Every structure is written in C-alpha cells, then in structure tokens.
Amino acid sequence: GENSPYQPRLNGVIVQGAGFEAASPAASGIAAPMATAPESAPPAAAPMAMVYVVKSGDTLWDIAKANLGDATLYTKIVEANGLASGAVLAIGQELKLPK
C-alpha cells in the first residue's frame, strides 16, 4: 500500500552489469571518496555485519526475507543503517545486515 515503508523508488543512475563492485564510481556520477584516510577500509574488511548491495527491484522486505530468514526483520535493517522511515533505496547502495 501507499503507507508501506519498503517500496523502493528508483533514483540516480542504474548501472547495468553483473556486479556493482566492478562499476567505477566516477562513471555513475558519484564523487569517489579519496582513499587516503586511514579509517576508510574496503567494505569486505568490516566483520561487524554483512553488507548487501541493493539491486534493481529490491525492497527491504525482500532483502530481510532472503538474508535474515524473516521479512518482518526489515526493521532491523532500517535500524542497523540509520534509515529514515520510508527511506528510498538506491541501486548500488550498501546496506549493513544485522547478524
């Protein structure tokens, strides 16, 4: 319904291809952060939570069902990422998944 918090709205650039990690940030029009700061580690080096990259058509409900085993746990994804109620997911966005 229109009040559902997990309806994705597509905005930004849709990158076609097998893996978003292979897409150049510059090619998508997003400024790439300079990797000179010591605190910027690659996403794979973050053991605290699993990272999920949003694909076209994804909803928080579907991501929770597929990765957490229960669609109603989408609220945990919202909390883990500090998302606002009714947040818009962007393709290529990285979401931390709670354990």
Side-chain angles (χ1 to χ4, degrees):
E2 71 181 39
N3 294 325
S4 300
Y6 49 84
Q7 294 299 320
R9 287 173 184 76
L10 301 181
N11 63 346
V13 177
I14 298 174
V15 180
Q16 297 292 335
F20 287 99
E21 66 280 352
S24 162
S28 64
I30 300 167
M34 297 306 290
T36 53
E39 65 268 16
S40 65
M48 61 190 180
M50 213 168 81
V51 173
Y52 180 86
V53 179
V54 177
K55 297 186 295 294
S56 176
D58 277 347
T59 64
L60 288 172
W61 184 266
D62 293 335
I63 294 167
K65 185 173 183 181
N67 296 278
L68 305 179
D70 181 352
T72 62
L73 293 178
Y74 78 90
T75 56
K76 300 287 186 200
I77 299 174
V78 170
E79 290 168 16
N81 292 278
L83 299 175
S85 177
V88 176
L89 295 179
I91 294 172
Q93 178 178 355
E94 292 184 351
L95 295 175
K96 289 189 299 254
L97 299 181
K99 290 189 188 294

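Just so it is clear, the model here is predicted, and its values are computed rather than measured. Residue numbers run from 1 in the order of the sequence given.
Side-chain contact between Ile77 and Leu68: present, with at least one pair of heavy atoms (C-beta onward) separated by less than 4.5 Å. Residues Leu60 and Thr75 have side chains not in contact (no heavy-atom distance under 4.5 Å, counting atoms from C-beta outward).
In this structure, CG in Leu95 is found 6.5 Å from CG in Leu83, a value given to the nearest 0.5 Å. Separation of atoms OH (Tyr52) and CG (Leu97) is listed at 8.5 Å; rounding is to 0.5 Å.
Trp61 and Ala71 make their closest contact through CE2-CB, 3.3 Å (heavy atoms, listed as atom of the first residue, atom of the second, distance). Heavy-atom minimum distance, Glu94 versus Val53: CG-CG2, 4.1 Å.
Residues passing the side chain to side chain donor-acceptor pair (under 3.5 Å) test with Asn67, sequence neighbours excluded: none. Here Lys76 pairs with Leu73, Glu79, Pro98 under the side-chain contact (heavy atoms from CB on, under 4.5 Å) rule; sequence neighbours left out.
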